[in-house]
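Naming convention: chains lettered A, B, ... in sequence-line order (proteins, then strands); numbering from 1 in each chain.
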Amino acid sequence: MHVMATLTLQAGDVDRDKYDRSKRFGWFDRDAVRDAAVLVVGAGALGNETCKDLILSGFRNISLVDMDHVVLSNLNRCVFFSNGDAEQRRYKANVIAEKAARLDPDVQVEPYVQKIQELPDDFIARHDVVLGCLDNIETRLHLNAHAYYRGIPYIDGGTRGLVGKVQVVVPPDTSCLECGMNVTHHRVKDVRYSCTGDDVTVFEPKMASDVNTTSIISAVQVQETLKLVNGRRERLIENLFYYDANRNVADVMEVPLDPGCPHHQ
Amino acid sequence: MKITVKDAETGSTIDMDVEEDNTVEEVVESSANYWNKDPGAYVIRFGKKQLGGQTSIGGTTIQKGDVVELIPDPTGGR
């Protein structure tokens with residue numbers, strides 16, 4: 001007897017799967033992305049864009065740490081914030097956690113309205129990857145040190161006007177943030193290059209900041225996160241992506257490992 | 001030996017005498033001071049590398065006549 005298997009195609013099937021276009025990359029592992037525990041530190045301009053991109057990319061387990069509140073001057077670059085949030089001085093992490101559900105009701109964004117330094121020692125270790133969306137060097141160094149020590153990849157984003165960067169740190173193989181630093185970093189280590197104005201350790205004029213440069217830097221951070229979670233480490237940036245929106249040019253630079261760096265002793 | 005430092009933000013250049021035992025961060029400091037740069041973090045880029053501050057010039061591949069770039073290290077993001 002000849003048995004023939006039949007397959008009935010349904011017109012429109014390809015548009016019924018939310019992640020159909022992601023799966024078409026071939027390497028996209030929906031379960032790995034959904035189950036990955038991602039820590040985002042900073043809920044400002046970079047934090048907004050990064051959370052948006054993480055959620056749309058399929059991440060469902062996000063911890064978000066930020067102790068600041070929304071102000072009107074955030075609204076030129078922060079997709080989750082509104083006038084009402086600024087008027088009510090709502091905490092940024094809480095606003096993003098609440099509005100994330102509008103992008104996807106299944107996402108869990110756990111807000112922590114405090115400094116990362118105040119969280120328990122094992123907090124960072126509960127995550128598979130850490131994303132820095134910060135405005136100061138001191139907290140970057142904290143994340144860099146703790147993530148490197150725990151063997152957790154750290155993807156640091158930064159902007160300064162129309163210039164931005166993403167550094168990918170994967171212990172124990174790559175250099176870390178501290179390897180590329182010098183005395184100018186340590187001189188401004190405690191300064192917050194903030195948009196808000198509150199809580200600054202030392203007063204500094206506010207920096208220019210726009211959504212376009214921010215979007216590009218956040219997108220690169222999330223793209224690197226997808227590579228990590230999907231086992232594509234050979235495609236990671238080595239080690240630093242540098243973007244200049246003045247001329248719309250980008251480049252990748254090596255940051256050599258410094259054998260004198262305390263994290264590589 | 002004499003090298004050239006270029007300010008990536010303005011395109012200005014300055015010649016600088018460096019010794020093998022000078023560090024990269026001495027080049028950063030000297031050039032940032034010369035151009036009276038805004039407070040903030042800066043690094044030296046040489047080709048496709050961002051050089052660490054504690055690295056000596058002798059520990060790099062920088063040669064007489066080479067051009068290195070002073071670039072801002074973006075540390076904002078909120």
Between [options], who has the most heavy-atom pairs with chain B when the cutoff is under 4.5 Å?
options	answer
A/Arg140, A/Glu49, A/His186	A/Arg140
A/Asn182, A/Asp258, A/Asn239, A/Asn48	A/Asn182
A/Val252, A/Asp251, A/Val255	A/Asp251
A/Thr213, A/Asp244, A/Asp66, A/Leu257	A/Asp66

Indicate yes or no for a side-chain donor-acceptor contact from A/Arg160 to the backbone of B/Gly40 under 3.5 Å, with no hydrogens or angles considered.
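Between the backbone of B/Gly40 and the side chain of A/Arg160 there is no qualifying donor-acceptor contact (under 3.5 Å).
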
Could you tell me whether the side chain of B/Gln50 and the main chain of A/Gly180 form a donor-acceptor pair under 3.5 Å?
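Looks like yes, one N/O pair under 3.5 Å.
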
Is it the side chain or the backbone of A/Leu134 that comes within 4.5 Å of chain B heavy atoms, both, or neither?
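Just its backbone gets close to chain B.
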
Side chain to side chain contact (heavy atoms under 4.5 Å, CB included) between A/Met253 and B/Ile71, worked out
CA-CA 12 Å; A/Met253 285 187 272; B/Ile71 61 174; 3.7 Å; yes

Assess A/Arg187 against B/Tyr42: is NZ or CZ under 6.0 Å from the centre of the six-membered ring, and within 45 degrees of the ring's axis?
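That pair does not qualify as a cation-pi contact.
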
Give me the atom names and distance for the closest heavy-atom approach of A/Ile137 to B/Ala41.
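Smallest heavy-atom distance, with atoms named: CD1-CB, 4.3 Å.
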
Flag if over 12 foreign heavy atoms under 6.0 Å of [atom1], [X]:
X	atom1	value
A/Tyr91	OH	no
B/Lys6	NZ	no
A/Glu238	CD	no
A/Glu118	CD	yes

Is there a side-chain contact between [X] and [Y], using heavy atoms and a 4.5 Å cut-off?
X	Y	answer
B/Pro74	A/Tyr242	yes
B/Glu25	A/Thr184	no
B/Asp73	A/Lys165	yes

Find the one option among B/Gly53, B/Gly47, B/Gly59 whose heavy-atom pairs under 4.5 Å with chain A are most numerous.
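Looking at each of B/Gly53, B/Gly47, B/Gly59 in turn, B/Gly53 comes out on top.
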
Dump the intermediate steps for side chain to side chain contact (heavy atoms under 4.5 Å, CB included) on A/Glu254 and B/Lys49, then the final yes or no.
CA-CA 5 Å; A/Glu254 177 189 353; B/Lys49 284 187 180 179; 3.1 Å; yes

Euclidean distance, B/Glu9 CD relative to A/Leu162 CG, rounded to 0.5 Å:
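Here the rounded value is 11.0 Å.
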
By a 4.5 Å heavy-atom criterion (distance strictly below it), what part of B/Val43 contacts chain A: side chain, backbone, both, or neither?
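Backbone plus side chain of B/Val43, per the 4.5 Å heavy-atom cut-off to chain A.
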
